[in-house]
Protein chains: 2
Amino acid sequence: MTTRIKDVAKEAGVSTATVSHVINDTKFVSDEVKLKVEEAMKRLQYIPNMVARSLRSRKSNTIGLIVPIKTNDNSNNFFLSVANGIEEVLSKNGYHLLVSNSHEDPIEEIERIKMFNTQRIDGLIIAPTSGITRESCGLFGHYPIVFFDRRPEGVPGDWVLVDGMKSAYRGVSALIEKGHRKIGFIAGRMDIPTSNDRFNGYRKALEDYGIGFNEDYIRIGDLNGASGYEMTKELISQEVITAVFVANNAMSLGAVKYLKDNHYDIPGDIALIGFDDYEWTGIVNPPLSVIRQPSCEVGRRAAEIMLKRIKRSDSICQGHLLEAELIVRGSF
Amino acid sequence: MTTRIKDVAKEAGVSTATVSHVINDTKFVSDEVKLKVEEAMKRLQYIPNMVARSLRSRKSNTIGLIVPIKTNDNSNNFFLSVANGIEEVLSKNGYHLLVSNSHEDPIEEIERIKMFNTQRIDGLIIAPTSGITRESCGLFGHYPIVFFDRRPEGVPGDWVLVDGMKSAYRGVSALIEKGHRKIGFIAGRMDIPTSNDRFNGYRKALEDYGIGFNEDYIRIGDLNGASGYEMTKELISQEVITAVFVANNAMSLGAVKYLKDNHYDIPGDIALIGFDDYEWTGIVNPPLSVIRQPSCEVGRRAAEIMLKRIKRSDSICQGHLLEAELIVRGSF
DNA sequence: CTGAAAGCGCTTACAG
DNA sequence: CTGAAAGCGCTTACAG
């Protein structure tokens, strides 16, 4: 069968302990013995069994990741990009990545977390749904947690967020400085913190520029293209506005689609700023100005924090707030 | 510390073997005893340790997935979508998914496979790079392999592909039936089988309609938007053609961008069919006609085959060829 | 500097 | 129908 550490030990004429120490570099072993062991490993084509190692050492070198991608949202590049960033950092450091999807559903999320618990993950990186609250603490194992994209209150853990408030503020104030006063705001459900933060950025911008807040200019829908389409339609047909800020990527696409379908001139009739810099934003006509989140960086950072936390679990939790930038193109 | 099966056994007044059998339903246990065990588990909040189970039972309930997403290709929804499909099926069946990325680099691919081998995965689902050949067989462990998107020759394993030949055939013959005779073909490197298959579909369509093949109409670049842009530019400036078939998603975007930047009328000056149905294809002007691959279905199917193969490893390997459809919109 | 041995938490023949 | 015990392949105090 497969060769074990015992076989290597016999082949090299040493104890299994010594082989283990050579493999893990956990104690000084003379060069002579080390060489013998290494040659034996090569000769026998030894492949360490990480499962056994995990059991004994009580760490799995595995990090769990839970993303909240909805079933039909197969173009959610934000999370793809974050996952890429995480995978990059982890695999460079010899860690494995176990991936799961909550589909933005709190029930499924709990199931996934429980599954991960049985796997003895060393840490969990998660974009939590609104289901994760102070009461959820007991759900998690004794591993460090890094939240990204959203951050539940009352649950200890590090976090990496993009400053949604500042993001929206940037977009909306750019619209204002172009002379717009009647600015619509479209977002997804407010129980997801990102939507809420961005909404606050919108309000803050209006406030700072001395523009009155008008509730009629707000449309809250679902986080998908169809809803973006509907909300834009509603907003534009019911209100006299000159600009729209869309606080979500899928909805941005819906907004563009509605405006195009109905032959609105962008930015002549309606100025538009969308969220997230997907590739298509550069090729629509006019190219869409957007808020670009540093998504890959979010992933990398989350993974780095996780690895640090695993090394020193004592230090207090900390947050990282990354900044988004406004990409100015032709839509406002 | 954490409670073990031994604690449950003591609490329930039975042996660990009985507890194990209750958990795994692997032998008949009287209802009475079963109940006692179940109550004990609940009382002690017992969480099985899958690592220990894996070690003992020599199966990990974990499948490895290796995708070939290049570093900057964060909009590769094809693989995102496939991964979603895989995750969906696996987690429904109690399996875990370990994800890694080869970045389309054979060297990295080998490293990732080796990492997976140490993890004792029960199976590997992979879109192999061109580095996987007959000689690579020794690289894999004794687990079943399901290839998707591409299929290396001479390596045993099941596979799930989308018929690239037929896909391209469909697109190109649609162009021909619209009256086009001078049709350009743009694709990525030919060492990736998908590009090659699609090229063959292009040739076959020309042949079947009695149109001569002209090598000057072919442009082979890299699998990214910039290259799509360049190839389109070259093709259009050097040749007199009326239509282009682009055999890759990122390159399709580049092609559209070039045509738009240079104010070509689509389909008036140049008719266009792209590859893969990303969300943006519906909102550009005119909406892009594309070949839509059933990406999520590829993932689901790959996972299902994997699970079947794990259950009965005796049956012979089989392939699944899914069909892509032509989505007709306004670009030809 | 190296080795003998216990033990991580399970499953699984085997015996009764 | 249930239990005692071996063993999966490692790591890690401990002794020398």
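Throughout, a chain's letter reflects where its sequence line sits, starting with A, and its residues are numbered from 1.
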What is the distance, to the nearest angstrom, from the [atom1] atom on [X] to the [atom2] atom on [N]?
{"X": "B:Lys6", "N": "D:dG3", "atom1": "NZ", "atom2": "C1'", "answer": "15 Å"}
{"X": "A:Arg120", "N": "C:dC8", "atom1": "CZ", "atom2": "P", "answer": "13 Å"}
{"X": "B:Phe28", "N": "D:dT2", "atom1": "CZ", "atom2": "C1'", "answer": "12 Å"}
{"X": "B:Ile23", "N": "C:dG9", "atom1": "CD1", "atom2": "P", "answer": "14 Å"}
{"X": "A:Arg58", "N": "D:dT11", "atom1": "CZ", "atom2": "C1'", "answer": "12 Å"}
{"X": "A:Lys59", "N": "D:dC10", "atom1": "NZ", "atom2": "C1'", "answer": "13 Å"}
{"X": "A:Asn24", "N": "D:dG9", "atom1": "CG", "atom2": "P", "answer": "17 Å"}
{"X": "A:Gln119", "N": "C:dG9", "atom1": "CD", "atom2": "C1'", "answer": "14 Å"}

Task: B:Pro68 side chain reached by B:Phe79 side chain, heavy atoms, under 4.5 Å - done: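 Yes - at least one pair of side-chain heavy atoms lies under 4.5 Å apart.
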
Open item on the list: When you compare the side chain of A:Val298 with that of A:Val162, does any pair of heavy atoms fall below 4.5 Å?
Closed with: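 Yes, at least one pair of side-chain atoms sits under 4.5 Å.
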
Task: Phosphate-side-chain proximity, A:Thr18 and C:dT2, N/O vs OP1/OP2 below 4.0 Å - done: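 Looking at the OP1 and OP2 atoms of C:dT2, neither is under 4.0 Å from any side-chain N or O of A:Thr18.
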
Task: Nearest atoms (heavy-atom pairs only) where B:Ile47 meets A:Arg120 - done: O-NH2, 3.5 Å

Task: SB check A:Asp7 A:Arg4 (cutoff 4.0 Å) - done: yes

TODO: Any salt bridge (charged side-chain N to carboxylate O under 4.0 Å, His left out) involving residues 17-38 of chain A? Give me the pairs, sequence neighbours left out, ordered by first then second residue.
DONE: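 Every candidate salt bridge (charged side-chain N to carboxylate O under 4.0 Å, His left out) pair involving residues 17-38 of chain A fails, so no pair, neighbours aside, qualifies.
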
Open item on the list: Determine whether a donor-acceptor pair (N or O, by modelled atom type, separation under 3.5 Å) exists between the side chain of B:Ser20 and the backbone of B:Thr16.
Closed with: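 No, the answer is negative, given that no donor and acceptor are paired below the 3.5 Å cut-off.
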
Task: DNA chain C-proximal residues of residues 35-55 of chain A, any heavy atom under 4.0 Å - done: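 Heavy-atom cutoff 4.0 Å gives A:Leu55.
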
Donor + acceptor pair across side chains of [X], [Y] (<3.5 Å):
{"X": "B:Thr129", "Y": "B:Glu109", "result": "yes"}
{"X": "B:Glu153", "Y": "B:Thr133", "result": "no"}
{"X": "A:Ser60", "Y": "A:Ser54", "result": "no"}

Detail all sub-3.5 Å separations between protein N/O atoms and N/O atoms belonging to nucleotides 13-16 of chain C.
| unit_1 | atom_1 | unit_2 | atom_2 | d |
| --- | --- | --- | --- | --- |
| C:dC14 | N4 | B:Lys27 | NZ | 3.2 |

Give the table of side-chain donor-acceptor pairs shorter than 3.5 Å for residues 301-308 of chain B, with sequence neighbours excluded, one pair per line with atom names and distance.
| unit_1 | atom_1 | unit_2 | atom_2 | d |
| --- | --- | --- | --- | --- |
| B:Arg301 | NE | B:Glu297 | OE2 | 3.3 |
| B:Arg301 | NH1 | B:His320 | ND1 | 3.2 |
| B:Arg301 | NH2 | B:Glu297 | OE2 | 3.4 |

Open item on the list: Suppose we screen for side chain to side chain contact (heavy atoms under 4.5 Å, CB included). Which residues come up paired with A:Arg189, at least two apart in sequence or across chains?
Closed with: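 Counting only residues at least two positions away or on another chain, A:Arg189 forms a side chain to side chain contact (heavy atoms under 4.5 Å, CB included) with A:Lys70, A:Asp191, A:Ile192, A:Asp222.
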
Task: Watson-Crick or G-U stems involving DNA chain C, each at least 3 pairs long, distances under 3.5 Å, ordered by first number - done: C:1-3 with D:14-16, C:5-12 with D:5-12, C:14-16 with D:1-3

